[in-house]
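See below for the structure under consideration.
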Amino acid sequence: MVRITKVIGLAIVFLLAGFNGITQVKTNVSLEDVFKNPPESARPWVLWYWMHGAVSKEGITADLEGIQKNGIGGVYLACIYDTVARIPFDKPARQLSPEWWGMVNHAMKECKRLGLKMAFHVSDGFALAGGPWIKPEQSMQKLVWTKTYIKSSDETAIQLEQPETKEGFYKDVAVYAYPANSSNAFSQTVTIPSVATSTGEKAPYLAFRGDNSKTFRSDSSCWIQYKYPKPFTLRSLTTRTGSRQYQAQRFIVQASNDGIVFNTVIHLTPPRHGWQNDDEDHTFSIPPTTAKYFRFVFDKEGTEAGSEDLDAAKWKPTLKVMGIYLSDEPVINQYQAKNASVWRVAENTTDQMVPRADAVPFKSIINLSHKMDKEGNLKWKPASGEWVIVRIGHTSTGHTNATGGAAKGLECDKFDPAAIKLQFDNWYAKAFEKTDPGLAKEVLKIFYIDSWEAGSQNWNKTFAAEFKKRRGYDLMPYLLVMTGTPVNDAATSEKILHDVRETIAELVNDIFYVTLRKLADQKNLGFTAENVAPTMVSDGLLHFKTVDFPTGEFWLKSPTHDKPNDMFDAISAAHIYGKNIVQAEAFTNLRMEWN
């Protein structure tokens, strides 16, 4: 995985031959000699980035001649970013233009002349698989929902708000109603807490959704306190950080009735998370607690961020939080992780967090999908009591191949073979059509997928059918668990969401990678791919069985970006699935400080 901010580092790819390959060397040649003069199959390849279209035939020839002279076996061609005026280059070649294809053709001809081979990425940029030909309905999808709170005594017509819509695409999935298991949303007055902090900063914005312009910061231990005008029952807590902030997920939550004596309710356990972690908030399930004062204590001692947390938590623990939102609604702990909206590994919901009496009984859920029209008007009224209506649909995640240029666009639906083939045909396959006849077949030998940098996906038009086929039961009656609503009890809800994640893990391999495997085979290409985790919810090893060369990465002098688990995944998968060669994107450097 190479993430570009302002500066990008070069990355070298080595082919690491297994022991069996070494033993085939003639006995009269020393291991040292073989290492210095490896056979073609064991030579390192180099990632060859064409930045901002600043490429010329003279530069291509010079690069490739230098590469060949130094014993490199081939190049991994990836084109990064669009042309920009600030790059001092007179005649840039923009991706997909005739001039750019001319450069690709020249590069292939030079590779042939010099005895070099070439790999080409699945899309423009280095992550992941998208382009302007991908329509919103063909892009990666996610479930979205809105809740409407109604009483049987309400006389007004019910119109359900349409959930979040990205890229102009939204499609309804279902509408459900269940008897309310909370009360604040039905109150005629909004309960507003006053906010105090031990630092003295005035931070009322922390208690309300909508204002994301301010951030509370502290480099030292501190607390934030909410005071309610009357006792408030806390069952769930959501933190918003807007970035990869670890410290806001490890508050000590305390409660008090007098504002003097506080008791600890729970010490929040941060989920394990990856670098692409800001697609969703964090919602914690809290053991039901009624009090007038709630305090959120930040103690920097004991920070143990994992290698993928990437927020300098191990070097400079700093609290940064934009919002702390309290609710009396019971939720599945860290449901954003459990429903595969984002890659996180969180602790299970316990009966202490969500007592069985607070979960929604399955038998009380009513499917109202047939009662809502296209405008969201609901023709239904409960006979008695208070109810929650949940309108669920799906939309695009909005993720793109962000490091691309002229061929930047929405990421293809990873569960749809047709969308995946559309991506392959409009980018990779064009390298065979737009270059001299037979040239690509001679030179282009590797189909290459860099690390997954496109967020997660938890839905598409066939997901429910795939779930039923693979898990043996229908997800749809239980779909409320995807919204964080506990159904029957904590254990049942966790089991269903585990089945959701298992289905997604299978689809990542069985649809995305297997479809590309077949397309690569049609062109007699080797297939290499980097890691899926920790960005897309998946089995971090499973897709490696489908490729020829499991590939990880490690960085040089870049501790915030180093990724040892990537190598562990690739190596472990090679052992499990019988792959004799493991690759590494090696010595990637954030500041290009090689020596």
Side-chain angles (χ1 to χ4, degrees), residues 13 15 39-50 53 55-80 91-126 129 131 133 404-407 417 420-450 513-529 546-549 551 581 583:
V13 180
L15 298 184
E40 182 179 351
S41 62
R43 290 178 183 174
W45 287 36
V46 63
L47 277 172
W48 191 28
Y49 282 177
W50 290 5
V55 59
S56 67
K57 290 184 178 180
E58 295 79 8
I60 288 170
T61 296
D63 278 355
L64 293 176
E65 286 180 348
I67 286 168
Q68 191 266 350
K69 182 179 179 180
N70 283 278
I72 303 297
V75 293
Y76 277 60
L77 176 57
C79 300
I80 312 300
K91 297 180 180 179
R94 195 168 187 241
Q95 295 94 318
L96 300 179
S97 68
E99 293 78 15
W100 182 79
W101 281 119
M103 295 298 174
V104 174
N105 189 73
H106 178 73
M108 288 187 181
K109 288 170 65 176
E110 289 295 85
C111 280
K112 180 180 178 180
R113 176 177 70 86
L114 295 166
L116 298 171
K117 303 302 180 186
M118 182 183 288
F120 194 46
H121 193 249
V122 66
S123 69
D124 194 5
F126 55 68
W133 36 81
I420 297 163
K421 186 176 185 300
L422 180 67
Q423 172 60 35
F424 184 91
D425 289 346
N426 278 278
W427 179 259
Y428 197 98
K430 293 296 184 184
F432 291 82
E433 300 174 19
K434 298 289 187 177
T435 54
D436 292 348
L439 180 59
K441 188 175 182 180
E442 285 188 73
V443 174
L444 195 52
K445 297 299 181 182
I446 297 288
F447 175 62
Y448 150 53
I449 302 180
D450 208 296
Y513 284 95
V514 167
T515 298
L516 292 173
R517 167 85 269 177
K518 293 175 181 177
L519 293 168
D521 286 345
Q522 291 173 10
K523 295 189 178 299
N524 197 30
L525 298 165
F527 188 0
T528 179
T546 302
V547 306
D548 296 306
F549 309 118
T551 305
I581 295 175
Q583 292 189 166

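FYI, the numbering just counts along the sequence from 1. Just so it is clear, the values below take in all heavy atoms, side chains as well, and ignore hydrogens, waters and symmetry mates. Just so it is clear, the structure is predicted and the values come from calculations on it, not from any experiment.
Considering only heavy atoms from C-beta on, W50 stays 4.5 Å or farther from Q95 through its side chain. A 4.5 Å side-chain heavy-atom check between Y76 and D450 finds every atom pair outside the cut-off. Using a 4.5 Å cut-off on side-chain heavy atoms (C-beta onward), F120 and V443 make no contact. In this structure, K117 and I446 have side chains that are not in contact, with every pair of non-hydrogen atoms separated by 4.5 Å or more. Side-chain contact between L77 and H121 is absent, with no heavy atoms from C-beta onward closer than 4.5 Å.
A salt bridge does not link R43 with E40: none of the charged nitrogens is closer than 4.0 Å to a carboxylate oxygen. Ion pairing of R94 with D124 is absent here, as no side-chain N (NZ or NE/NH1/NH2) approaches a carboxylate O to less than 4.0 Å.
Each of R113, K109, K112 was evaluated against E442; a single residue qualifies, K112, per the salt bridge (charged side-chain N to carboxylate O under 4.0 Å, His left out) test.
Note: W101 and W427 have tilted aromatic rings, judged against thresholds of 30 and 60 degrees for the angle between ring planes.
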Residues W48, D63; criterion side chain to side chain contact (heavy atoms under 4.5 Å, CB included); working and verdict
CA-CA 9 Å; W48 191 28; D63 278 355; 2.9 Å; yes

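H106 places a side-chain N or O within 3.5 Å of a backbone atom of K57 that can act as its donor or acceptor partner. N105 places a side-chain N or O within donor-acceptor distance of the main-chain N or O of D436, the cut-off being under 3.5 Å. A donor-acceptor pair under 3.5 Å is absent between the side-chain atoms of T528 and the main chain of Y448, judged by distance alone.
By the side-chain contact (heavy atoms from CB on, under 4.5 Å) test, Q68 pairs with L114, L116, sequence neighbours left out. Evaluation of the ring-ring contact (aromatic ring centres under 6.0 Å, His included) rule for F424 yields Y428, F447 as partners, not counting sequence neighbours.
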